[in-house]
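Below is one structure, written out as structure tokens; the observations come after it.
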Amino acid sequence: MFIMSEDSQRTQGRDAQSSNIMAGKAVAEAVRTTLGPRGMDKMLVDSGGEVVITNDGATILNEMDIEHPAAQMIVEVSESQEEEVGDGTTTAAVIAGNLLGEAEDLIEQDVHATTIVEGYHEASEIALEAIAEQVNEADVDDEILKQVGESSMTGKGTGGLTAESLAETVVEAIRHVETDDGVARDNVTVHTQIGASSNATELVPGIVLDEEPAHDSMPREVEDASIAVLDVELGVRTGDIDAEYAIDSIDQLNTAIDAEESEVRGYAEDVAESGADVVITTDDVDDRVSSYLASEGILVFENVGNSDARDIVSATGARRVGALEDLEEADFGAADRIRAENFGDDDLAFIEGGAAAETVTVFVRGGTEHVVDELERAIGDALDVVATALASGEVVPGAGATEIAIADKIREEAAGIEGRKQLAVTAFADAIDIVPRTLAANTGQDPIDALVDLRAAHESEGRAGLITTGEDVTIDDPFEHGVVDPADVKREAIESATEAATMIVRIDDVIAAE
Ligand code: ADP
Ligand code: MG
């Protein structure tokens, strides 16, 4: 009896397990070489010829257009890592892949999937304890935050700009949006603009929008601006144009034109009299209104997108007004300075200071599209990790040191675990070794030798990572070299990798509709 469509494909038992495991491992393998400060970049070309050059694990997996369902689950590990903590996407995918690899060996030794799953869960609990033990006792100050930001950007294409100077900008941005209720990460935006060297990257105390003044003779800069934000068309309503006028004499035509002129002038005067010196509307502004307002020294932006209008409102404290007659001073937003600037083919509006200062923008410059795109991703990651570290106040040593400590603690505790589950717990520790091994391999070192040396140093010194500084690779305490990661990044990587790997291992029947 057939209960499924004849076209559906079914794989069962070991075959299902091993094909899933292989797919998951392949995904992790794909990003392995990008891990760490010496990680290489990937160039991804989509079917439309669009090119992305990146070192970012989540971006790579996202662009790869992966179809295999088990492989897709590893992609999701990396995506949830990006969403939750903003960094560690490669680490999480690589750990997940290695957990699958170790599981495959266990299955071959006839360890049952449920035993593997239990062992992995138990090991991940020990890993979380180990992470807690690694947390830096010192307060997370600006110096440490800068190190966190810098560590997350080392090895990324930062367009020749040092990770150090970028990290300074990142910390300044995050400090700016720190409130009593925590870090308002969403109040930091990144705006990219090509055409200058990445050195010109700066922090704007406000927002940057792709908008240009409605009229050439308007002021390009207004200080202490009172800003009206309108959803109003300033001109003869487009809807009115359809109305038919039966005009059969010049007089009537002139009357009609006069009526229109006075309507238009009326709008302009209403706006001018309101006292606003900057007007932003989501609708059209008639040229005659623009030119009148320009002569009154008022700066107008027309056809502003809805989301830009929302940003302006939240940055300036303005209230959006739907009808001119309702406009009053209480609706105005405030900014220390609004300026329009031209960058080649692009016009940008900068709204700075005043109430606007609640939001800040990292204004990223770079010579080409690829440079600014990768800078934007690197800065986005750095903003996330600095915000994460500031919010939790917990950082751990990077450069593989935390992973060495995790594996060590798991092996130690595995001794007290009975039966075959012990094999699974130990296998988890072996899987975690992938991080220091890969960091070593990506710096051209022998991974086995490096691992042995790291373990020995961990044994004698406590904290031991494989530190890359310029051309040098040394084993030392990462805290001494400012190589630090937020504890939450490590926790999330362990948790999401364990979850995906155990889910995949448990599957022994794959039914796919064609
Ligand atoms: P992920 O996508 O997982 O964040 P990265 O390519 O950003 O991958 O690499 C992160 C790893 O690189 C972390 O383990 C971090 O501690 C390590 N790292 C960062 N800076 C250094 C450094 N100077 N030396 C050695 N390791 C470093
Ligand atoms: Mg990173």
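Since this is a predicted model, take the numbers as computed values, not measurements. Remember, it's 1-based here, ligands and their atoms both numbered in the order they're listed.
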Exercise. Under the side-chain contact (heavy atoms from CB on, under 4.5 Å) rule, what do T189 and T359 come out as? Steps first, then yes or no, please.
Key: CA-CA 8 Å; T189 49; T359 42; over 6 Å; no
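Considering D408, D433, D449 as possible partners of R455, the one that fulfils the salt bridge (charged side-chain N to carboxylate O under 4.0 Å, His left out) test is D433.
In summary, an N, O or S atom of D87 is located under 2.8 Å from the Mg ion (ligand 2).
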Please tabulate, line by line, the atom pairs linking an N/O of ligand 1 to a protein N/O at a distance below 3.5 Å, with the distance in Å to 0.1, or answer 'none'.
| unit_1 | atom_1 | unit_2 | atom_2 | d |
| --- | --- | --- | --- | --- |
| ligand 1 | 2 (O) | T89 | N | 3.3 |
| ligand 1 | 2 (O) | T89 | OG1 | 3.4 |
| ligand 1 | 2 (O) | T90 | N | 2.9 |
| ligand 1 | 2 (O) | T90 | OG1 | 2.8 |
| ligand 1 | 3 (O) | T90 | N | 3.3 |
| ligand 1 | 3 (O) | T91 | N | 2.8 |
| ligand 1 | 3 (O) | T91 | OG1 | 2.5 |
| ligand 1 | 4 (O) | D87 | OD1 | 2.9 |
| ligand 1 | 4 (O) | G88 | N | 3.1 |
| ligand 1 | 6 (O) | T34 | O | 3.4 |
| ligand 1 | 6 (O) | G36 | N | 2.9 |
| ligand 1 | 6 (O) | K156 | NZ | 3.4 |
| ligand 1 | 7 (O) | K156 | NZ | 3.1 |
| ligand 1 | 9 (O) | G36 | N | 3.1 |
| ligand 1 | 16 (O) | A399 | N | 2.7 |
| ligand 1 | 16 (O) | D485 | OD2 | 2.7 |
| ligand 1 | 23 (N) | T468 | O | 2.9 |
| ligand 1 | 24 (N) | T468 | N | 3.0 |

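In summary, R463 and E480 do not engage in a salt bridge, as defined by a charged side-chain N under 4.0 Å from a carboxylate O.
The aromatic rings of F363 and F350 stand perpendicular to each other, their planes meeting at an angle above 60°, with 30° marking the opposite boundary.
Side-chain atoms of R377 and T54 include a donor-acceptor pair closer than 3.5 Å. For the 3.5 Å distance criterion, the side chains of T114 and H112 qualify, holding a donor opposite an acceptor.
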